[in-house]
Amino acid sequence: QAKDKGKNRVCFYTSDINDRLHHYQKIGALLRSALAADSLQLYFQPQIDLHDGSIRSCEALLRCFDNNALPVPPDIFIPVAEKSGLINRIGDWVIEAACKQLVAWKGTELEKLRIDINLSGKQLTNQHLADQILQTLHRYDLLPSQLGVELTENEVIGGDLEQIGQLETLKNAGVHISIDDFGTGYSSLVYLRRLPVCSLKIDRSFLHHAMENDSDMAIMQAIISVGHSFGLSVVVEGVETAEQDDLVKALSCDLAQGYLYARPMPAEAMPAYLLGVTGDRR
Ligand code: C2E
Ligand code: MG
Ligand code: MG
Ligand code: MG
């Protein structure tokens, strides 16, 4: 069906094996040329502190545009990057880009904002990743506490002790560590206690179903109370409506992220957004 949408569109969803190979090669080529042309971009989505409405962190979300300047979703290109081995170069680009952005925000109203980048589990297999991140921060004269990393639970739990050690190094240095899409993996709560993490991000599917489904509601409540009893802050993803916002506040989530507050935006749009938020509250 994706083919019918237009001749120049990248075909995203397809089952035929040749089509899949073609898709894979096409996205791979797109990523290589985006790296060469330095045309990848980070978008930023604010995280709102539900206790006081303040914004002290944002998530960096990678954007890649095709030859027609249409965005290719990361859920499409990240898996290709992981399979083709490009993820390490892309990951390095993201770390550099986040640091450059933090430097650019120095001396502005955004200088206190932490940037949380997404890491792929594949990147953790690079034994030098933690040192490399800390060295990059140092090279840009930034504090480790200005950066955060997000990993899904399976990526952390699937990792060996070496990989968990790297997260420990980052956390001990002051980098914020979050478990992304929490609740969708197979983490045991006992395990969670031993992991070097600061925050849990509840996958948005729970919030979306919690309004109608009692068991999703129960899962959300359980995650929040376990998170809190381990001293972790709990972030809820995908807040889209006022009803959902009321719910996450009633459940005493600590932070919220979602379209209701802001969609991911280019760095240039962030000052105006933050000004609007503080302006509204005065
Ligand atoms: P994620 O890390 O769980 O990011 C949250 C996703 O939810 C983002 O999708 C964001 O745009 C979207 N989102 C935020 N608020 C809402 C909302 O209210 N409603 C809905 N429906 N969606 C919302 P995006 O930007 O398409 O990214 C998808 C995934 O791609 C990310 O999921 C992350 O796993 C991956 N990704 C993005 N950037 C990077 C990166 O730099 N490196 C790696 N390894 N993965 C990345
Ligand atoms: Mg994330
Ligand atoms: Mg997530
Ligand atoms: Mg995700």
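Start at 1 and go down the list; that is how both ligands and their atoms are numbered.
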Under a 3.5 Å threshold, yes or no: a donor from one side chain and an acceptor from the other, between [X] and [Y]?
X	Y	result
T108	E111	no
S57	Q47	yes
K112	Q146	no
N118	E59	yes
H176	S145	no
H228	D254	yes
Q257	Q45	yes

For [X], state whether at least one heavy atom is located under 4.0 Å from any atom of ligand 1.
X	answer
P264	yes
K201	no
R63	yes
Q257	no

Suppose we only allow N, O or S atoms; which atom of [X] ends up nearest to the Mg ion (ligand 2)?
X	value
D180	OD2
E150	OE1
E59	OE2

### Query
Who passes salt bridge (Lys or Arg N to Asp or Glu O under 4.0 Å) against D131, sequence neighbours left out?
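Scan of D131 (salt bridge (Lys or Arg N to Asp or Glu O under 4.0 Å), adjacent residues dropped) gives none.
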
### Pairing residues for E109 by the salt bridge (Lys or Arg N to Asp or Glu O under 4.0 Å) criterion, not counting sequence neighbours
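By the salt bridge (Lys or Arg N to Asp or Glu O under 4.0 Å) rule, E109 matches no residue at all.
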
### E155 contact mode with ligand 1 (heavy-atom cut-off under 4.0 Å)
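It is neither; nothing of E155 touches ligand 1.
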
### Message
Is the contact between I117 and ligand 1 made by the side chain, the backbone, both, or neither, using heavy atoms and a 4.0 Å cut-off?
### Response
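It is neither; nothing of I117 touches ligand 1.
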
### Distance-minimising heavy-atom pair for A256 and Y261
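Reported closest heavy-atom pair: CB-CE1, 4.0 Å.
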
### Message
Restricting to non-hydrogen atoms, name the atom on M270 and the atom on L113 that form the minimum distance, rounded to 0.1 Å.
### Response
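Scanning both residues, the minimum pair turns out to be CE-CD2, 3.5 Å.
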
Should one rank [options] by closest heavy-atom distance to [atom], which comes out on top?
atom	options	value
atom 16 (C) of ligand 1	W93, Y259, Y43	Y259
atom 12 (C) of ligand 1	Q123, E240, Q45, R204	R204
atom 27 (O) of ligand 1	P74, G121, A97, A262	P74
atom 40 (C) of ligand 1	N118, D180, D75	N118

### Task
Please indicate whether any nitrogen or oxygen in H208 is less than 3.5 Å from any nitrogen or oxygen in ligand 1.
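By distance alone, the answer is no.
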
### Query
If you measure every N/O of L61 against every N/O of ligand 1, is any gap under 3.5 Å?
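L61 vs ligand 1: no N/O contact under 3.5 Å.
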
### N, O or S atom within D181 nearest to the Mg ion (ligand 3), by name
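So the atom name we want here is OD1.
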
### Query
Nearest to the Mg ion (ligand 3), which N, O or S atom of E237 do we find?
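Per the distance ranking, E237 contributes OE2 as its closest N/O/S atom to the Mg ion (ligand 3).
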
### Message
Between D116 and the Mg ion (ligand 2), is there a contact where an N/O/S atom of the residue lies under 2.8 Å from the metal?
### Response
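Looking at D116, which is the residue asked about, there is no N, O or S atom under 2.8 Å from the Mg ion (ligand 2).
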
### Message
Tell me whether the Mg ion (ligand 2) has S178 as a neighbour, meaning an N, O or S atom of it below 2.8 Å.
### Response
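Checking the Mg ion (ligand 2) against S178, no N, O or S atom falls under 2.8 Å.
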
